[in-house]
Amino acid sequence: MESVANQKKSLKAILDEKKDHRRVVLLYGRDINQGHLIEQQQALTAAPDGLAERDLDVIVLINSELMEPDRQFLMHTYHEFVPSDDFAGYLIGKDGLLKKKFTKPIAADELFKTIDAMPMRKDEIKKQHD
């Protein structure tokens, strides 16, 4: 799990580097001790093989640590981003587009099913079996 607060780069720069190579789950919480945030991190941490298999990175965003340019980038790029939310998760595809927003923690298996249903992921699975 990455935290933008620990990076010297903007969130946009981090996501731009991952585009075309990695999927990203952005986990947003009002504070680091927010219950849903902790629950979601635990669910994903418990499934490292599934994350690796799907080229999936997890980035944690804490409201108080989020720099204003990153907040503006999120609101402009992912119109579903609402800074007043207590918790939210955003699945970003390899194409850089928002694929799913969730406001309650979801099981890793459910997240993986969503990813596995995406056309690019289906192509990846097909290439693995060829």
Taking the side chain as C-beta and beyond, is there a heavy-atom pair between [X] and [Y] under 4.5 Å?
| X | Y | result |
| --- | --- | --- |
| Leu66 | Phe73 | no |
| Phe102 | Glu110 | no |
| Ile59 | Val25 | no |
| Val24 | Ile14 | no |

Under the criterion side-chain contact (heavy atoms from CB on, under 4.5 Å), I'd like the reasoning laid out for Leu74 against Leu11: C-alpha separation, chi angles, the key distance, then a yes or no. CA-CA 9 Å; Leu74 287 166; Leu11 180 59; 3.5 Å; yes

Please report the interatomic distance [atom1]([X]) to [atom2]([Y]), rounded to the nearest 0.5 Å.
| X | Y | atom1 | atom2 | result |
| --- | --- | --- | --- | --- |
| Leu26 | Asp70 | CG | CG | 10.5 Å |
| Ile115 | Leu91 | CD1 | CG | 5.0 Å |
| Arg23 | Leu56 | CZ | CG | 8.0 Å |
| Thr45 | Leu51 | OG1 | CG | 8.0 Å |
| Leu37 | Asp86 | CG | CG | 11.0 Å |
| Thr77 | Leu98 | OG1 | CG | 10.5 Å |

Looking at [Y] and [X], is there a salt bridge between them, counting it only when a charged N and a carboxylate O are closer than 4.0 Å?
| X | Y | value |
| --- | --- | --- |
| Arg121 | Asp55 | no |
| Lys113 | Asp109 | no |
| Lys94 | Glu124 | yes |

Note: Lys19 and Asp95 closest approach over all heavy atoms is CE-O, 3.1 Å

Ala43 and Ala108: which non-hydrogen atoms are nearest, and at how many Å? O-CB, 3.9 Å

Evaluate whether atom NZ of Lys101 has more than 12 neighbouring non-hydrogen atoms of other residues, nucleotides or ligands under 6.0 angstrom away. yes

Is it the case that atom CE in Met67 sees more than 12 heavy atoms from other parts of the structure closer than 6.0 Å? no

Look at the side-chain heavy atoms of Ile, Leu, Val, Met, Phe, Trp and Tyr, link any pair under 4.5 Å apart, and say whether Leu97 and Tyr78 land in one connected group. no

Are Ile38 and Ile62 connected in the hydrophobic side-chain network, where two residues link if heavy atoms are under 4.5 Å apart? no

Residues in side-chain contact (heavy atoms from CB on, under 4.5 Å) with Glu39, at least two apart? His36, Pro105

Are Glu68 and Gln72 close enough that a side-chain donor and a side-chain acceptor fall under 3.5 Å? yes

Going by the salt bridge (Lys or Arg N to Asp or Glu O under 4.0 Å) test, name the single residue among Lys99, Lys122, Arg54 that passes it with Asp116. Arg54

Any pair with a residue in residues 10-32 that passes ring pair (Phe, Tyr, Trp, His ring centres under 6.0 Å), sequence neighbours left out, goes on the list, sorted by first then second residue, please. Tyr28-Phe81

Using the ring of Phe87 (Phe, Tyr or Trp, six-membered ring only), decide whether Arg30 places NZ or CZ under 6.0 Å from its centre and within 45 degrees of its axis. no

Report the C-alpha separation of Lys9 and Glu17 in whole Å, then their side-chain angles, then the decisive distance to 0.1 Å, and conclude whether the salt bridge (charged side-chain N to carboxylate O under 4.0 Å, His left out) test is met. CA-CA 11 Å; Lys9 299 177 188 173; Glu17 287 176 359; 2.6 Å; yes

